[in-house]
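Worksheet: the structure to be examined is printed underneath.
Quick note on labels: first sequence line is chain A, next is B, and so on, each numbered from 1.
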Number of protein chains: 2
Amino acid sequence: MGLRIDNGIRSVVDMNSTENDETTAVDPPDTRERILIEASRLLAVNGYHGTTTREIAAAVGISQPSLFFHFPTKRAIAEELYKHDLLPAVAGLERLVEADASPAAKLYAMICGEITRIVNSPYDMRAHISYEVLNDPDLALFQDLVNQFDDLTHSLIRSGQESGEFAEGDSWLAQQMVSALLARANLFATTDHLKRHSHPDEAATLILRSLLAEPDALEGVRRDAMVLLPLYDERSV
Amino acid sequence: MGLRIDNGIRSVVDMNSTENDETTAVDPPDTRERILIEASRLLAVNGYHGTTTREIAAAVGISQPSLFFHFPTKRAIAEELYKHDLLPAVAGLERLVEADASPAAKLYAMICGEITRIVNSPYDMRAHISYEVLNDPDLALFQDLVNQFDDLTHSLIRSGQESGEFAEGDSWLAQQMVSALLARANLFATTDHLKRHSHPDEAATLILRSLLAEPDALEGVRRDAMVLLPLYDERSV
DNA sequence: GTCTATAACCGGATAGAC
DNA sequence: GTCTATCCGGTTATAGAC
């Protein structure tokens, strides 16, 4: 079958594809896709209420009403962006949780996979988990998705503590630290510090060192996580 | 003096005063103070652009134009809140940095002191470091303050790495983890999980375990930090 | 698919009475 | 200090031509 180009920006699929077929060479983003890209930048910087449809249209280079040919409402633009970010994350973490491996390896793989995904995303998702968005009753779907992700992370930490692989401690606080670091990773991705200087592994190492009961176990965890990592990526399942 | 119950909110003035005269016993929040409290909640949830002066006024129980008797603009309300949050943080961290102690103890004391301060604040400061606010050119003052805080944290981590007290690693990433956790602490404070179940020490422990080259050094670091802690609090200098 | 013109609304802020 | 009434600029979204 081969990878289809989904007409857009180098879709996520393309960026990560291990082999390219010759048809993917050109790949000019259509208007709809350019709207999503520019909107993601503006939403990240100015927030949902701080971003106007005029600004998005100007960034794309079309008139403000032309936006409404491609999307029914401003909200629909934001929804598509948030879904693009959150659905693969929840699905990937669910696959990891069900896998046969230690909680530490699963957590390590999740952090690596998630940061890799964020860095490779064509969109700027810094704002995806702003309180402003999560508390908007009209965007309740995303509260659910974020809560699902957080709950899965929390249960991973709990079961690691129960098996003795992780040190005892407030599992809720630990989960918040993981989720805070991942939210921050969206910022790394655009300041491009992460792209140039840092590795997903470093973030995972930082978290695991703080959780593991036995620091020397880290190398083994890393090896197990590398085997698990493809599971997190929807293309490889 | 004795502990007064603060009916609701302890006013900022009271919290920081080293000595109380007897006239402060009752402490009914005046309108101006109530505006700040309600505005902090709404700003935290809906963001700056997502919060209207009409909503703030309704929460306080006055008419919308009455706000403008107490504050010249909507922005002035936000500015006062952000200053209240950021000025003591930067000043406290500066005092810690200049103190005579190990970087690890200073970092531990900062995290403890900062979370304690957040939990005790009468305001809900969840939104204080949203990109929406930090990127607003009219609020550039706060970018400076946040950058100062982050730079001081970063230099603390760097010098700990240079002395061998901390493990090698990306100091920028480590600083981001600290700052992300503290930003999240503003959320803890209102979900009141932190107030009930968690201790500032747990957060500091979580971070230090991930940074220390020698995990067994943690107990000594904690003891040194406890001596340092009063330095962070402006009331005790 | 994109445009111009515009409807309908909501935002911050002011005027002036009490 | 607080109110009612109001101004005015900016915002989302629609209508209809090309």
Side-chain angles (χ1 to χ4, degrees), chain A residues 6-9 26-82 127 130 132-133 135-139, chain B residues 8-9 11 13 26-82 127 130 132-133 135-139:
Chain A
D6 44 25
N7 68 1
I9 46 184
V26 193
D27 204 1
D30 61 9
T31 302
R32 183 188 155 86
E33 195 58 38
R34 273 161 54 223
I35 291 170
L36 288 171
I37 293 170
E38 297 302 334
S40 78
R41 309 236 147 91
L42 289 163
L43 289 171
V45 172
N46 302 318
Y48 180 78
H49 297 286
T51 302
T52 68
T53 54
R54 287 184 220 278
E55 290 169 329
I56 299 172
V60 174
I62 59 179
S63 72
Q64 181 260 352
S66 294
L67 284 184
F68 294 91
F69 174 81
H70 300 278
F71 295 92
T73 61
K74 173 187 172 185
R75 180 177 318 274
I77 301 175
E79 279 182 358
E80 182 147 333
L81 286 169
Y82 299 140
S130 76
E132 177 196 24
V133 167
N135 285 294
D136 192 321
D138 296 331
L139 294 171
Chain B
I9 36 286
S11 82
V13 176
V26 193
D27 200 5
D30 59 7
T31 302
R32 184 189 156 86
E33 192 60 36
R34 274 162 52 225
I35 291 170
L36 288 171
I37 292 167
E38 297 301 335
S40 78
R41 308 237 148 91
L42 288 163
L43 289 170
V45 172
N46 301 319
Y48 181 77
H49 297 286
T51 302
T52 68
T53 55
R54 289 176 161 81
E55 290 169 331
I56 299 172
V60 174
I62 59 179
S63 72
Q64 180 258 354
S66 294
L67 284 183
F68 294 90
F69 174 81
H70 301 279
F71 295 92
T73 61
K74 172 188 172 184
R75 181 179 316 274
I77 301 175
E79 280 182 358
E80 182 147 332
L81 286 169
Y82 299 141
S130 75
E132 176 196 23
V133 167
N135 285 293
D136 192 320
D138 297 331
L139 295 171

*Can you name the residues that form a salt bridge (Lys or Arg N to Asp or Glu O under 4.0 Å) with A:Arg32, not counting sequence neighbours?*
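Testing A:Arg32 for salt bridge (Lys or Arg N to Asp or Glu O under 4.0 Å), a comparison that skips the adjacent residues, returns A:Glu80.
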*asked:* For A:Glu38, give me all partners under salt bridge (Lys or Arg N to Asp or Glu O under 4.0 Å), at least two apart in sequence or on another chain.
replied: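 For A:Glu38, no residue satisfies salt bridge (Lys or Arg N to Asp or Glu O under 4.0 Å) once neighbours in sequence are set aside.
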[X] [atom1] to [N] [atom2]: how many Å, rounded?
| X | N | atom1 | atom2 | value |
| --- | --- | --- | --- | --- |
| B:Arg34 | D:dG1 | CZ | P | 13 Å |
| A:Ile77 | D:dT11 | CD1 | C1' | 14 Å |
| A:Leu67 | C:dT4 | CG | P | 14 Å |
| B:Phe69 | D:dT2 | CZ | P | 7 Å |
| B:Asn46 | C:dC10 | CG | P | 16 Å |
| A:Ile62 | C:dG1 | CD1 | P | 11 Å |
| A:Arg32 | C:dT2 | CZ | C1' | 17 Å |
| B:Glu33 | D:dG1 | CD | P | 14 Å |

_What does the 5'-to-3' dot-bracket notation of DNA chain C look like when only Watson-Crick and G-U wobble pairs under 3.5 Å count, and pairs to other strands show as |?_
||||||||||.|||||||
How many angstroms lie between atom [atom1] of [X] and atom [atom2] of [Y], to the nearest 0.5 angstrom?
| X | Y | atom1 | atom2 | result |
| --- | --- | --- | --- | --- |
| B:Thr31 | B:Leu36 | OG1 | CG | 11.0 Å |
| A:Ile37 | A:Ile56 | CD1 | CD1 | 13.0 Å |
| B:Asp30 | B:Ile35 | CG | CD1 | 8.5 Å |

Within less than 4.0 Å of OP1 or OP2 of [N], is there a side-chain N or O belonging to [X]?
| X | N | value |
| --- | --- | --- |
| B:Thr31 | D:dT2 | yes |
| B:Ser66 | D:dG1 | no |
| B:Ser63 | D:dC3 | yes |

_A:Ser63: which residues meet the side-chain hydrogen bond (donor to acceptor under 3.5 Å, both in side chains) condition with it, sequence neighbours left out?_
A:Ser66
*Sequence neighbours left out, what passes side-chain hydrogen bond (donor to acceptor under 3.5 Å, both in side chains) with A:Gln64? Give chain and number order.*
A:Thr53
*Identify the heavy atoms of A:His49 and A:Asp136 that sit nearest to each other, and give their distance.*
NE2-OD2, 4.1 Å
*Looking at B:Phe68, does the NZ or CZ of B:Lys74 lie under 6.0 angstrom from its six-membered ring centre and within 45 degrees of the ring axis?*
no
*How does each nucleotide of nucleotides 12-18 of chain D score, in 5' to 3' order, for protein heavy atoms under 4.0 Å: base (B), sugar-phosphate only (S), or none (-)?*
BBB----
